[in-house]
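Just so we're clear, the structure is a prediction, and the values are computed from it rather than from any experiment. The chains referred to below are lettered A, B, ... by the order of the sequence lines, with proteins before strands, and numbering in each begins at 1. Note that these values count all heavy atoms, side chains included, but never hydrogens, waters or copies made by symmetry.
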2 protein chains.
Amino acid sequence: MDAVAIKRSLAGGRLRCTPQRYAVMAFLMEHGGHPTAAEIFEAVNRVDPRSSRATTYNNLRDLVKAGLVREVAVEGRAARFDAKGMRHHHFICDRCGNVEDMEWYDVPRPTSGSLGRRIVRECELIFRGLCTKCGPRHASR
Amino acid sequence: MDAVAIKRSLAGGRLRCTPQRYAVMAFLMEHGGHPTAAEIFEAVNRVDPRSSRATTYNNLRDLVKAGLVREVAVEGRAARFDAKGMRHHHFICDRCGNVEDMEWYDVPRPTSGSLGRRIVRECELIFRGLCTKCGPRHASR
DNA sequence: ATATCATATTAGACATAATCTAAATTTTTC
DNA sequence: GAAAAATTTAGATTATGTCTAATATGATAT
């Protein structure tokens, strides 16, 4: 992954490029999946054990605030994170909780009447069901 | 709220009608909002202090499993619950975390190509932004 | 009505995920 | 280089939810 692209992302979010923050962002951009904070912390420290747990959480929060990273809450499990690259929707497996990307497509907005005075910033689509691994073929019980 | 309707719901989900479970279901059907497990536990026990915390969690889990209640995960906050009445989408406030119902409308499904071998059970739309209370008028800072 | 038994409840311990604190460090600015 | 601002850190703390194993109960068949 291009180090310059990562630094540019951080700069775009007006975040200093510290080694710890860089490592988190780089991991998310390279990983492609939807790791939990604990997985990110572990992965980042396996390479270069200089980051604390609190820092990983701090940086994830900063990255989310800056709009560079998305946090996906999953019922009964730790939150997942992914770098906002191309727009996409999410699929969440009922059984294993894994989060997968789904092709982006535009979603019709609600009527302004039903919006009231709410300000809608974004609109996301979440599909739920069984992932390939957990499907009928493989589901044990 | 009609006690018979509540009992019928539980029976429909093949769940025994215990006083504790009835109280949780009744509260959700009457409340209309999106309370947390802690709020449900407190409300139910204020009326009739016979339910333990574990039971409230057990019952919520059973009700969700049975498809009578929906659990909504909110980033960084406790999960919210609502009785599945009329179909609806959800709005989640970025600032206060409150969950509100939004008018239902059909959402186009993804192309079968992008689905792969996933089995999609449902598809929900989540709007994010600022609720009426937290909007620009009222937002402090 | 009563016995039966799978199901449900309970208190409190435990687990997990995430945040907070306050001191130390690093980076930026002047 | 001094001062200010942002960041990092270890560990304590909080919040949320689950587990255990003993006890009680609702639904069913008799």
Side-chain angles (χ1 to χ4, degrees), chain A residues 7 10-11 13-27 34-45 47-66 68-81 96-97 99, chain B residues 3-4 6-27 34-45 47-66 68-81 96-97 99:
Chain A
K7 286 185 185 172
L10 293 178
R14 309 196 172 201
L15 294 172
R16 273 193 203 159
C17 181
T18 64
Q20 295 86 345
R21 187 174 286 154
Y22 177 93
V24 168
M25 191 65 195
F27 179 70
H34 298 80
T36 63
E39 285 164 358
I40 296 166
F41 171 65
E42 205 207 346
V44 157
N45 275 265
V47 177
D48 177 1
R50 279 190 301 174
S51 191
S52 77
R53 212 160 54 88
T55 298
T56 303
Y57 276 100
N58 287 344
N59 281 326
L60 283 170
R61 188 192 340 212
D62 294 342
L63 291 167
V64 169
K65 253 195 210 156
L68 302 176
V69 166
R70 175 182 302 274
E71 177 175 355
V72 183
V74 182
E75 318 73 54
R77 303 182 189 250
R80 312 299 193 101
F81 297 86
C96 70
V99 176
Chain B
V4 177
I6 295 164
K7 285 184 184 174
R8 207 162 35 219
S9 288
L10 294 177
R14 308 196 173 200
L15 294 172
R16 271 196 204 160
C17 181
T18 66
Q20 294 85 348
R21 188 175 285 154
Y22 178 93
V24 168
M25 192 64 195
F27 180 71
H34 298 80
T36 63
E39 286 163 356
I40 295 166
F41 170 65
E42 205 207 344
V44 158
N45 275 266
V47 177
D48 178 0
R50 280 191 301 174
S51 191
S52 78
R53 214 163 56 89
T55 297
T56 302
Y57 276 100
N58 287 344
N59 281 325
L60 283 169
R61 191 199 326 221
D62 294 342
L63 291 167
V64 169
K65 253 196 208 154
L68 302 177
V69 166
R70 175 182 300 276
E71 177 175 355
V72 183
V74 182
E75 317 73 54
R77 303 183 190 247
R80 310 299 190 103
F81 297 86
C96 69
V99 176

Check every atom of dT9(C), dT7(D), dA10(D) against the side chain of S52(A) and return the nucleotide holding the closest atom.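 Comparing dT9(C), dT7(D), dA10(D) against the side chain of S52(A), the answer is dA10(D).
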
Quick one: list whatever passes side-chain hydrogen bond (donor to acceptor under 3.5 Å, both in side chains) with T55(A), sequence neighbours left out.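 Listed in chain order: S52(A).
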
Going by side-chain hydrogen bond (donor to acceptor under 3.5 Å, both in side chains), name the residues that satisfy it together with E75(B), two or more places apart in sequence or in a different chain. R128(B)

Rounded distance in Å - [atom1] ([X]) to [atom2] ([N]):
X      : N       : atom1 : atom2 : result
I40(A) : dA18(C) : CD1   : P     : 10 Å
R21(B) : dT7(C)  : CZ    : C1'   : 8 Å
L15(A) : dA5(D)  : CG    : C1'   : 14 Å
N59(B) : dT7(C)  : CG    : P     : 15 Å
L63(A) : dT7(D)  : CG    : P     : 11 Å
L10(B) : dT7(C)  : CG    : P     : 16 Å
K65(B) : dT7(C)  : NZ    : C1'   : 13 Å
Q20(B) : dG26(D) : CD    : C1'   : 11 Å

State which residues pass side-chain contact (heavy atoms from CB on, under 4.5 Å) with T18(A); sequence neighbours excluded, sorted by chain then number. R16(A), Q20(A), R21(A)

Can you list everything that forms a side-chain contact (heavy atoms from CB on, under 4.5 Å) with C96(B)? Sequence neighbours excluded, please. C93(B), N98(B), C131(B), C134(B)

Per side-chain contact (heavy atoms from CB on, under 4.5 Å), F81(A) is matched among V64(A), T36(A), V72(A) by V64(A)

Residues forming a ring-ring contact (aromatic ring centres under 6.0 Å, His included) with F27(A), sequence neighbours excluded: H31(A)

For nucleotides 12-25 of chain D, 5' to 3', base contacts (B), sugar-phosphate-only contacts (S) and non-contacts (-) with protein non-hydrogen atoms under 4.0 Å give B---SBBB-----B

